[in-house]
Amino acid sequence: MHKLTLKELSAQLQARKISATELATLFLDRIEASDLNAFLHVDRALTLAQAQAADARLAGNEAGPLTGIPIAHKDIFVTRNWRTTAGSRMLQDYVSPFDATVVEQFNAAGTVTLGKLNCDEFAMGSSNENSFYGPVKNPWDKTAIPGGSSGGSAAAVAARLAPAATATDTGGSIRQPASLCGVTGIKPTYGSVSRYGMIAFASSLDQGGPIAKTAEDCGLLLNAMTGFDERDSTSLQRPREDFTRSLNQSLQGLRIGVPKEFFGAGLAADVEAAVRGALAEFEKLGATLVDISLPKTELSIPVYYVIAPAEASSNLSRFDGVRYGHRAADYKDLADMYKKSRAEGFGEEVKRRILVGSYVLSHGYYDAYYLQAQKIRRLIAQDFQSALAGPDRQCDVIMGPVSPTVAWDLGDKADDPVANYLADIFTLSTSLAGLPGMSIPCGFGQGEKNGKRPVGLQIIGNYFDEARLLNVAHQFQQATDWHLREPA
Ligand code: GLN
């Protein structure tokens, strides 16, 4: 049962072959037996209460496609009942008085919450080693990182501890862990998923999305989690759409842009081989490959690591020990309380970003760094537009690797922030442009260590082209079985 897709689980529930309560119990037992550190908060009684409510809906024929489906939420989405820590000591005992919009939407759809998933502190990281609650292990090889910041989400789905999970992507945190754990994830167009109740990191980049086994499941999850929210000032006002509507379209004539900047010197040979193998598979499905260039790709690292810390330094100023979150036990006066509470509550990486962010926003440096970064951000977005839009458009979607290497060993880059930042090279530009992007499993690296290490293929589309991305991914998943492979 734990191997089934959402589509299949939903059919089992509707046919009364299994109850929501039985299904939730099965996953709770798997979570309890797991040693991956993927879950931070589990509460059997709360989960089973939701499952019973779902069973009542199923019995009363008031069920939708996700009613009774178990799901786990990244611990960056606030939940009224489960604690929400954002992977930080700062929020160790925090219980939100309200649910994030995404959580509300899933509750309304009748999903059953399995618990909250580990992540890098305030979603800052690429390895999940920045969590105050310890790293998550990659289920394929427990000596490897799962990727980050949504490492708990990707590991939980890969290890079949949950059939689906929510995640967030600011500079790659849905796509990169999905890639390194061999599961499917999509970051939709910026503004599609409400940020209300999603603990803020870099507000102009943060975007929620799903991680699941298949593209079809991601479509079902997007159907539930997108939509206008007046409580989020950047939420898009668009008519509802069915993201699964184009899944079965043929790929005959599809033009796939292959950016030369995504296949340069930094790309590991085993990742390149798996990605090229996937591109060849798409040719068999009727697509043609077009060489394109995204010349500003390289600049996405310095630009992102100015803009994201700048916004983070502003967002994290709310954690002052006064309103909520950690407060130091002993202090002399108000200023001392701020300092000690923040010094104790935040981890190394978060402090580093607050310092960088405050620096680039300070008087005299704003124009030189922050403003400059915003200008280059525009140029990065224009790169994509000249490939994907307008009368001279070269391609319908863009494909390449997600991560330059397979998952690295736990501890390997733990003391080297810049090495972590460089590994984000292929995901940052999509986020800076606000475009939708996804990762689907497409093979494994060479040189197996204590287990295989998966490779993901990145698929990027123009704004609002999620249904096409899911179609492209679904067709690949109908022709291949990488997405069905499971860790030992
Ligand atoms: N690895 C990137 C960072 O550390 C992206 C994180 C994210 O997308 N949340 O900022």
Side-chain angles (χ1 to χ4, degrees), residues 73-77 86-88 117-131 135-136 145-154 165-181 185-188 190 193 195 198-211 300-316 346-357 360 373 377 402-405 407-408 413-414 416-439 456 458 460:
H73 296 300
K74 183 176 180 178
D75 204 25
I76 203 101
F77 290 99
S88 182
L117 295 160
N118 203 346
C119 57
D120 280 305
E121 186 175 2
F122 290 105
M124 299 176 191
S126 317
S127 69
N128 221 298
E129 293 169 301
N130 296 337
S131 167
V136 176
I145 57 129
S149 64
S150 313
S153 307
T166 55
T168 60
D169 191 311
T170 302
S173 283
I174 291 176
R175 291 160 286 156
Q176 188 256 20
S179 170
L180 303 189
C181 287
I186 181 165
K187 174 198 98 77
Y190 180 80
V193 170
R195 290 184 296 107
M198 206 173 97
I199 294 176
F201 162 15
S203 306
S204 77
L205 295 154
D206 295 344
Q207 189 57 201
I211 291 181
S300 60
I301 294 178
V303 165
Y304 175 89
Y305 282 101
V306 166
I307 293 174
E311 295 184 15
S313 71
S314 162
N315 274 325
L316 297 183
F346 291 136
E348 286 294 300
E349 183 59 27
V350 173
K351 284 179 190 157
R352 187 175 296 119
R353 297 200 190 193
I354 292 173
L355 291 176
V356 170
V360 300
R377 179 180 190 172
V402 174
S403 166
T405 65
W408 54 91
K413 298 184 188 175
D416 189 349
V418 175
N420 276 280
Y421 301 168
L422 292 176
D424 294 337
I425 177 72
F426 302 131
T427 53
L428 297 178
S429 52
T430 321
S431 297
L432 288 163
L435 292 169
M438 69 183 299
S439 175
Q458 184 167 208
I460 301 165

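Positions are given from 1 along the sequence. Just so you know, ligand 1 is whichever comes first in the structure, and atom 1 is the first atom listed for that ligand.
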Contact residues of ligand 1 (heavy atom under 4.0 Å), by chain and number: A123, M124, G125, S126, S149, D169, T170, G171, G172, S173, F201, Y304, Y305, R353, D424
For N420 and S126, test the side chains for any donor-to-acceptor distance below 3.5 angstrom and give the result as yes or no. no
Any donor-acceptor N or O pair under 3.5 Å, side chains S300, R377: no
Hits for ring pair (Phe, Tyr, Trp, His ring centres under 6.0 Å) against Y305, two or more places apart or cross-chain, chain-then-number order -> Y421
Mind listing the closest non-hydrogen atom pair of V193 and P188 along with its distance? CG2-CG, 3.8 Å
Go through the structure and list residues passing salt bridge (Lys or Arg N to Asp or Glu O under 4.0 Å) with R195, not counting sequence neighbours. D232
T405: partners by side chain to side chain donor-acceptor pair (under 3.5 Å), with sequence neighbours left out: none
